[in-house]
Asker: 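Take this structure first; my questions come after.
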Amino acid sequence: MWNPWFALSMRNACLVWEAQGVIALRLMRLGLGGAKAQSEATRMVSEKFAALGEAQAVIAAGAIRGQSGHRVANKVVSVYRKRVRGNRRRLAKKRS
């Protein structure tokens with residue numbers, strides 16, 4: 001069995017890798033300009049605040065339940081991974 005903090009570090013590394021791909025896709029979208037770029041910029045900022053709120057709720061719930069730090073941190077990583085994957089799918093769709 002791996003140390004739970006090491007496993008969390010590995011999950012974070014995967015999240016960072018996926019996030020870099022989303023950043024690249026977003027930069028391409030923003031670089032094209034126009035209405036889609038404006039929409040993406042607005043969406044990007046609003047999603048960050050929503051993800052932060054969701055992560056804070058997960059942390060508060062974990063603290064109330066008395067969960068260990070690495071379990072709460074894993075749930076927070078799951079919040080962000082879900083959003084990163086959704087953005088990757090949305091941005092990678094071929095639009096004609």
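These figures come from a predicted structure and were not determined experimentally.
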Asker: So which heavy atom on Leu52 is nearest to which on Tyr80, and how close?
Answerer: CA-OH, 3.7 Å

Asker: Restricting to non-hydrogen atoms, name the atom on Ala73 and the atom on Leu8 that form the minimum distance, rounded to 0.1 Å.
Answerer: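 Closest heavy-atom pair between Ala73 and Leu8: CB-CD2, 3.4 Å.
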
Asker: Identify the two heavy atoms, one from Asn3 and one from Trp5, that lie closest to each other, and give their separation to 0.1 Å.
Answerer: OD1-N, 2.8 Å

Asker: Using a 3.5 Å distance criterion without hydrogens, assess whether the side chain of Arg29 forms a donor-acceptor pair with backbone atoms of Glu40.
Answerer: no

Asker: Using 0.5 Å steps for rounding, measure from the CZ atom of Arg88 to the CD1 atom of Ile23.
Answerer: 13.5 Å

Asker: For the atom pair CD (Gln67) and CD1 (Ile59), what is the distance rounded to the nearest 0.5 Å?
Answerer: 11.5 Å

Asker: For Val58 and Lys75, which heavy atoms make the closest approach, and how far apart are they?
Answerer: CG1-CB, 3.5 Å

Asker: In terms of side-chain geometry, is the basic nitrogen of Arg26 or Glu47 positioned less than 4.0 Å from the acidic oxygen of its partner?
Answerer: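 Yes.
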
Asker: Hey, quick one: are Met44 and Leu25 part of the same hydrophobic cluster, counting side-chain heavy atoms closer than 4.5 Å, chains of contacts allowed?
Answerer: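 No, separate clusters.
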
Asker: Taking atom types as modelled, find out whether Asn87 and Arg90 have a side-chain donor-acceptor pair closer than 3.5 angstrom.
Answerer: yes

Asker: Heavy atoms, side chains only, cut-off 4.5 Å: are Arg71 and Arg65 in contact?
Answerer: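 Counting from C-beta outward, Arg71 and Arg65 never come under 4.5 Å.
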
Asker: Does Ser39 use its side chain to pair, donor to acceptor, with the backbone of Ala35 at less than 3.5 Å?
Answerer: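 Looks like no, no N/O pair under 3.5 Å.
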
Asker: Taking all atoms of both residues into account, what is the closest heavy-atom pair of Val22 and Val84, and its distance?
Answerer: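 Closest heavy-atom pair between Val22 and Val84: CG2-O, 3.5 Å.
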
Asker: Would you name the heavy atoms of Val79 and Ala55 that are closest together and state the gap between them?
Answerer: CG1-N, 4.2 Å

Asker: Does the distance from a Lys or Arg side-chain N to an Asp or Glu carboxylate O, for Arg83 and Glu18, drop under 4.0 Å?
Answerer: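 Glu18 and Arg83: not salt-bridged.
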
Asker: Is it the case that one hydrophobic cluster holds both Leu91 and Met28, taking links as side-chain heavy atoms less than 4.5 Å apart, direct or via other members?
Answerer: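 Same hydrophobic cluster.
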
Asker: Report yes if the side chains of Ser78 and Arg11 come closer than 4.5 Å at any heavy-atom pair, otherwise no.
Answerer: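 Yes, side chains in contact.
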
